[in-house]
Amino acid sequence: MAGPVQVRTVSGVGAGTTIHVDSGHVRVEGVSPVDLIVRDDHTVNAVGQHNADSAGLGADTATVDGEPIDGVVWIPPGGQVHLGDRIIEVRDRAATAAMAEFVPESGAVKYNRPP
């Protein structure tokens, strides 16, 4: 990922909340807390502990795109971290910027709100 990273809660507690991280550590609380490590090159890793029950993936298991977080896991651009009923998404901030376009024929401004 190039540029600052956007961490957005897309579902559950805090939905719609967005933070921008240039580099450093962010703790995301959920049924199984996860630490996000944003490196200087803006790659993102999730650090957590796999909480499997006897049936495999438990409701309290944090996952990255469906894979349990057990130790350090790379989060791809646009990747989603599921923390029970809470979902966060990690994106390149530049890729999510709002776009405005002036339409000279009508004088209107088209605005595309970021996701």
Side-chain angles (χ1 to χ4, degrees):
M1 290 185 190
V5 173
Q6 180 186 73
V7 178
R8 180 181 171 109
T9 304
V10 296
S11 178
V13 176
T17 304
T18 301
I19 61 170
H20 298 119
V21 183
D22 191 30
S23 65
H25 170 267
V26 177
R27 181 152 184 97
V28 181
E29 296 294 335
V31 293
S32 182
V34 170
D35 294 309
L36 300 180
I37 308 297
V38 181
R39 304 196 182 284
D40 289 336
D41 64 358
H42 298 113
T43 57
V44 183
N45 289 328
V47 180
Q49 185 174 10
H50 178 52
N51 296 323
D53 59 17
S54 58
L57 289 179
D60 62 345
T61 300
T63 63
V64 172
D65 293 335
E67 294 298 317
I69 298 173
D70 192 11
V72 179
V73 178
W74 175 68
I75 304 174
Q80 292 189 337
V81 179
H82 291 246
L83 304 159
D85 63 353
R86 185 175 189 193
I87 302 171
I88 63 167
E89 192 170 73
V90 177
R91 294 193 169 272
D92 178 347
R93 183 176 173 194
T96 60
M99 296 176 55
E101 176 185 353
F102 178 70
V103 181
E105 297 81 28
S106 65
V109 176
K110 291 183 180 179
Y111 177 72
N112 182 19
R113 206 174 93 197

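Scope of the values below: all heavy atoms of this structure, side chains included, with no hydrogens, waters or symmetry mates. All residue numbers in this chain count up from 1 along the given sequence.
Cluster annotation: V34 is connected to V21 through the hydrophobic network of ILVMFWY side chains, with a link wherever side-chain heavy atoms come within less than 4.5 Å. Under the 4.5 Å side-chain heavy-atom criterion for Ile, Leu, Val, Met, Phe, Trp and Tyr, I87 and I69 are members of distinct hydrophobic clusters. A continuous path of hydrophobic side-chain contacts links L83 to I19 [ILVMFWY only; heavy atoms under 4.5 Å].
Using a 4.5 Å heavy-atom threshold, the side chains of E67 and V73 count as separate.
Minimum heavy-atom separation, R39 to S23: O-CB, 4.0 Å. Contact record, G14 with T9: O-CB, 3.3 Å, taken as the closest heavy-atom pair. Minimum interatomic distance between W74 and T43 (heavy atoms only, all atoms of both residues): NE1-CB, 4.3 Å.
For D65, there are no salt bridge (Lys or Arg N to Asp or Glu O under 4.0 Å) partners at least two apart in sequence or on another chain.
Distance check, rounded to the nearest 0.5 Å: OG1 of T17 to CZ of R86 gives 7.5 Å. Atom CD1 of residue I88 and atom CZ of residue R8 lie 12.5 Å apart, to the nearest 0.5 angstrom. To the nearest 0.5 Å, the span separating CG on N45 from CD1 on I75 amounts to 7.5 Å.
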Working note: V81 + V28, criterion side-chain contact (heavy atoms from CB on, under 4.5 Å); need CA distance, chi angles, decisive distance, verdict.
CA-CA 10 Å; V81 179; V28 181; over 6 Å; no
